[in-house]
Amino acid sequence: MRIATRGCTTSNLMPEQLSEFLALKNSVAQQHFVASDYNIELLRLFKLNHLFLLLRDPRDVLVSWYHHITRPDVPAWERNLYIAEAVITEEFYEKSTSARWGDLIFLAFPKFCVWIEDWLQTIESRKLTQIRIIRFTDLAAGGEAFWADVFSHINAELIPPKVHDPVASKHFRSGLSGVYKTEFNADQIQHCAEVMSAHPAVAAFF
């Protein structure tokens with residue numbers, strides 16, 4: 001179920017929905033909420049003690065997100081949300097493919113890096129040991145040892161996970177790593193590297 005508002009860089013937890021979620025048994029919620037004081041305080045107040053922060057290379061995130069927001073059925077409200085967040089321009093959907101990539105690399109990518117850096121720094125500075133950081137590459141590789149560690153964090157017995165079939169899905173792609181290398185040109189790759197260098201925690205992590 002949804003426990004946070006929609007958005008790439010502005011999502012916040014919703015107390016009422018969070019309360020409903022915690023009343024459920026054996027439930028999982030996946031959201032993109034930011035590492036704000038407000039959200040961290042709600043996590044504390046609601047005693048949400050088993051969290052996983054899944055981090056993927058922001059360059060691959062950008063590629064995945066590009067295909068997500070350019071799908072044929074993207075609704076108008078979703079477009080307006082991204083424009084309001086300033087992660088795309090108002091003219092984004094009228095631009096060429098190359099110009100769209102330029103928009104995302106210069107507007108969205110720095111915000112994605114800030115989102116990741118804020119979480120890394122918040123977890124370290126506040127010693128939020130209840131939040132387990134998972135690298136996307138480790139998740140993609142899987143393996144019994146990986147899943148045993150995941151289940152031990154929530155004090156649960158290991159249950160073999162159901163493997164997602166990207167071919168059968170109409171909404172998700174394959175989730176590969178390093179796909180940005182085939183989507184970005186040399187200048188775009190260089191620009192992303194420069195942006196990441198301005199966020200040391202992100203550059204060091206990836």
Side-chain angles (χ1 to χ4, degrees), residues 6-11 30-34 52-76 78-120 133-143 145-147 150 161-206:
R6 296 181 184 274
C8 294
T9 59
T10 60
S11 178
Q30 175 270 318
Q31 307 289 181
H32 297 97
F33 58 91
V34 298
F52 296 93
L53 176 64
L54 179 61
L55 295 181
R56 187 181 186 185
D57 189 316
R59 293 164 292 193
D60 286 336
V61 171
L62 197 68
V63 172
S64 178
W65 192 59
Y66 170 84
H67 290 284
H68 173 72
I69 67 172
T70 56
R71 67 191 191 279
D73 60 342
V74 60
E78 188 174 344
R79 298 185 182 196
N80 291 338
L81 170 62
Y82 301 143
I83 294 170
E85 286 188 303
V87 287
I88 64 172
T89 61
E90 197 164 351
E91 300 79 22
F92 177 82
Y93 289 97
E94 283 71 52
K95 292 184 176 181
S96 65
T97 299
S98 61
R100 287 179 176 181
W101 277 119
D103 265 15
L104 297 189
I105 288 172
F106 282 91
L107 295 177
F109 186 71
K111 294 178 184 291
F112 289 179
C113 288
V114 168
W115 188 97
I116 295 172
E117 187 170 57
D118 284 350
W119 269 113
L120 290 173
I133 299 175
I134 296 179
R135 293 177 183 272
F136 181 85
T137 49
D138 293 337
L139 174 66
F146 169 79
W147 288 110
V150 167
K162 181 179 179 181
V163 178
H164 167 65
D165 180 6
V167 177
S169 173
K170 297 180 180 179
H171 193 64
F172 295 99
R173 283 161 44 86
S174 58
L176 300 175
S177 298
V179 290
Y180 73 91
K181 297 175 183 177
T182 61
E183 297 272 5
F184 298 169
N185 61 39
D187 290 339
Q188 292 169 337
I189 290 176
Q190 178 60 32
H191 178 76
C192 287
E194 292 172 357
V195 172
M196 289 179 70
S197 68
H199 302 278
V202 177
F205 194 84
F206 297 102

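Below, all heavy atoms of this structure are taken into account, side chains as well, without hydrogens, waters or symmetry copies. Along the sequence shown, residues are numbered consecutively beginning with 1.
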Item to check | Ring-face cation of Arg79 near Tyr93 (centre distance under 6.0 Å, axis angle within 45°) | outcome: yes
Checklist entry - Are Arg100 and Phe92 in a cation-pi contact, defined as NZ or CZ under 6.0 Å from the six-membered ring centre and within 45° of the axis? => result yes
Next on the checklist: My understanding is that only residues two or more places apart in sequence, or in another chain, count here; which of them pass side chain to side chain donor-acceptor pair (under 3.5 Å) with Tyr66?
Outcome noted: none
Item to check | Name of the residue among Leu139, Ile134, Val61, Ile133 meeting side chain to side chain contact (heavy atoms under 4.5 Å, CB included) with Leu55 | outcome: Ile133
Should [X] and [Y] count as side-chain neighbours, where that means a heavy-atom distance under 4.5 Å?
X: Thr89; Y: Leu107; value: yes
X: Cys8; Y: His32; value: no
X: Cys192; Y: Phe184; value: yes

Next on the checklist: Are Phe109 and Trp101, when compared by the centres of their aromatic rings, separated by less than 6.0 Å?
Outcome noted: no
Taking ring-ring contact (aromatic ring centres under 6.0 Å, His included) as the definition, give me every residue that meets it alongside [X], ordered by chain and number, with sequence neighbours left out.
X: Tyr82; value: Trp65
X: Phe52; value: His153
X: His191; value: Phe106

Checklist entry - How many angstroms lie between NE2 in His68 and CG in Leu62, if you round to the nearest 0.5 Å? => result 13.0 Å
Checklist entry - Atom CG in Asp103, atom OG in Ser98: separation rounded to 0.5 Å? => result 10.5 Å
Checklist entry - Just by modelled atom types, is the Thr10 backbone N or O under 3.5 Å from a matching donor or acceptor in the Glu85 side chain? => result yes
Checklist entry - Any sub-3.5 Å donor-acceptor pair from Asp60's side-chain atoms to Val179's backbone N or O? => result yes
Output a table of donor-acceptor pairs, distance under 3.5 Å, between side-chain atoms of residues 198-206 and any protein atom two or more places apart or on a different chain; print 'none' if there are none.
unit_1, atom_1, unit_2, atom_2, d
His199, ND1, Glu117, OE1, 2.9

Checklist entry - Can you name the side chain to side chain contact (heavy atoms under 4.5 Å, CB included) partners of Asn80, sequence neighbours left out? => result Ile83
Item to check | Verdict with reasoning, Thr9 to Val114, per side chain to side chain contact (heavy atoms under 4.5 Å, CB included) | outcome: CA-CA 9 Å; Thr9 59; Val114 168; over 6 Å; no
